[in-house]
Amino acid sequence: MALPHPAPDEITQPFWDGVAAGDLRIQTCDTCDILIHLPEFACPHCGSESLGYRTVSGRCTLHSWTRIVDPPDPAFSELVPFTIGVVELVEQQGLLLSAPFTVNSDPTQVDSATADSTATEPPLRLGEPLRIVFAPLAEGAAPVPQLQKEGAVDDSHA
Amino acid sequence: MIRTHDGVAVIGVGYSTIARRQADSSLSLTTAAVHRAVDHAGIEVTDVDGLGTSPSMPVYGGAKSARDGVDVVTPQLLARSLGIAETLAWAGTTHSMVTASFSDAVDAVNAGRCRFAVVYRALTMPRGRYSSIADKAAHGRDQFYAPIGFTMPAAWAGTVMQRYCALAGATRSDFDRFLLHNRSVGAENPRAFFAGKPLGERDIAEPRVIADPLTMLDCDLPVDGSVAMVLTDTATARTLRDRPARVCASVMSHTYSPTGVYMSLDRMLSGARALGERVWQETGWNAREVDAIQAYDGFSVLAPVWLEGLGLSPSGEGLSALRGGAELLTNTNGGCLSEGRLHGMTQLVGAAELVMDGRASRSLATVSNGLAGSAVVAFSPE
């Protein structure tokens, strides 16, 4: 069953163009210079409607995570369990982005025996450095941002 | 600032039966709840001249429509069903949360637009799977969440719970002890969906995991049912009962989360803190003077976040305050984890009842997660 795919609009198109090109392009406010994600119609900080995009490093730290066990839709039945991380981009404090872990960086996929995330030695830790890579979650799906542990080889889901 | 809240009190509450799927329509469940509420208040249904609600379906999933009386219940339809359409002076409808309807009803009574306002919430389970992705082409905000399977509120709450555990040094078992206590209290509440059904050790040992660390036991259950509350001016209220639950503050949050995730623990805590400041300003109380709180527990982790954000317990220690035994009364009806998904009525009713029953003199209800649309209401007999 096909996974849902992003339907870009005029505000979000540059983000998805970046994903296709292998770049993380984040919306930025021309007036107060802050980075904005998800993309907005107006800057949530100053209200300016003069907004552009900037390519950022893709480096980030782990803010939180959850292991999805119950598929949110039948399309995800063959992917569960998998881990979604919420990361903070290094370019701006508090700028969060949600993405799944790549197969080899996902503790659920590597060793399900250690997947109890509140066990004494969690498989992931807050503040852990990660980087964002781009790949489809399944064959034929649209590419999406995914999280890879620093130093890991490119091992995205597809 | 115009002070509008000194003169309105809750004088009665009423529940329909609460069950997963009911043969009775949402309209007839609501009519039953209103009749029980006016009986409890000691007035006649023909005295009711104001009706307010949030006539909306839950936001997420399932096959939804808006058939009046079946999926939703508007004040206009309810007024006809109660036989008060000709005398209804105020009808209020707000989107998404009944807490806004409650606040509007307080203002309506206070402004003299009606004398006896009933605030009600009718909930119906949508047919089909509660959580699903309707459209394969993900538009709007969904384009960042649906393609990665991050569309379930339970999964968003899972990330909040994970961060809470990591920062507080809490583990799954700390939540288990809260859940066991909460459901044992709820088992004694005859109105609750889980009346007579405390959690067993086996339920706790092998819960169905939704989005680890969050399990089925951490989520309130969608139900069919309706709840109503009667409000009137304080002078009238005192002729009807010794201890009406006067509304001392009713404040709503406008704090937004960083938008790369639907809920973030840090912003929820700061939203709760900001609401606390406004409640203390309106009531003249401080956190140590509160003697009861019905802390919203639509997801278990929200309850300790409210206690800590409002300063009713030290940071990272909200769960122990919720396990009972402390001076502060908490979730005395077992919360919505016991009563079912009533979108905040559990907390509003519970906090008002503690005052009416003489069990508390300064009682708080908190609803939702601290972010925009969330509310805190304060009740006192004075």
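Every chain is numbered from 1, with letters handed out A, B, ... down the list of sequences.
- Residues A:Leu38 and B:Tyr145 form a side-chain contact, since some pair of their non-hydrogen atoms from C-beta on lies under 4.5 Å apart.
- A:Ser64 contributes no side-chain N or O that, together with a main-chain N or O of B:Gln162, makes up a donor-acceptor pair within less than 3.5 Å.
- Neither the backbone nor the side chain of A:Ala141 comes within less than 4.5 Å of any heavy atom of chain B.
- Contact check for A:Asp9 versus B:His139: no side-chain heavy atoms found under the 4.5 Å cut-off.
- In this structure, the side chain of B:Thr159 does not engage the main chain of A:Thr66 through any donor-acceptor pair within 3.5 Å.
- No side-chain donor-acceptor contact under 3.5 Å links B:Lys136 to the backbone of A:Leu3.
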(request) Just do the side chain to side chain contact (heavy atoms under 4.5 Å, CB included) check on B:Arg163 and A:Val86 with the steps written out, would you? (result) CA-CA 10 Å; B:Arg163 187 166 169 85; A:Val86 179; over 6 Å; no
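- Looking at every heavy atom in both residues, B:Phe150 comes nearest to A:Ser98 through CE2-OG, 3.4 Å.
- Residue B:Arg21 qualifies as enclosed at atom CZ: its count of foreign heavy atoms under 6.0 Å is above 12.
- Residue contact with chain A, scored on non-hydrogen atoms closer than 4.5 Å, is absent for B:Arg267.
- Between B:Phe144 and A:Pro6 there is no side-chain heavy-atom pair separated by less than 4.5 Å.
- Only the side chain of B:Asp266 comes within less than 4.5 Å of a heavy atom of chain A; its backbone N, CA, C and O stay farther away.
- A:Ile84 is listed as a side-chain neighbour of B:Ile148, based on a closest heavy-atom distance under 4.5 Å.
- By the 4.5 Å heavy-atom criterion applied to side chains, A:Leu126 and B:Leu167 are counted as neighbours.
- The two atoms that bring A:Pro72 and B:Gly149 nearest to each other are CG-O, 3.3 Å, heavy atoms only.
- The neighbour count for A:Arg59 CZ, taken as heavy atoms of other residues, nucleotides or ligands under 6.0 Å away, does not exceed 12.
- Inter-residue side-chain proximity for A:Leu96 and B:Ser264 is flagged as met; some heavy-atom pair is nearer than 4.5 Å.
- Here the shortest heavy-atom pairing between B:Ala146 and A:Pro4 reads O-CG, 3.5 Å.
- Formation of a donor-acceptor pair under 3.5 Å by the A:Arg67 side chain with backbone atoms of B:Ala211 is not found in this model.
- Between B:Met152 and A:Ile68, some side-chain heavy-atom pair lies under the 4.5 Å cut-off.
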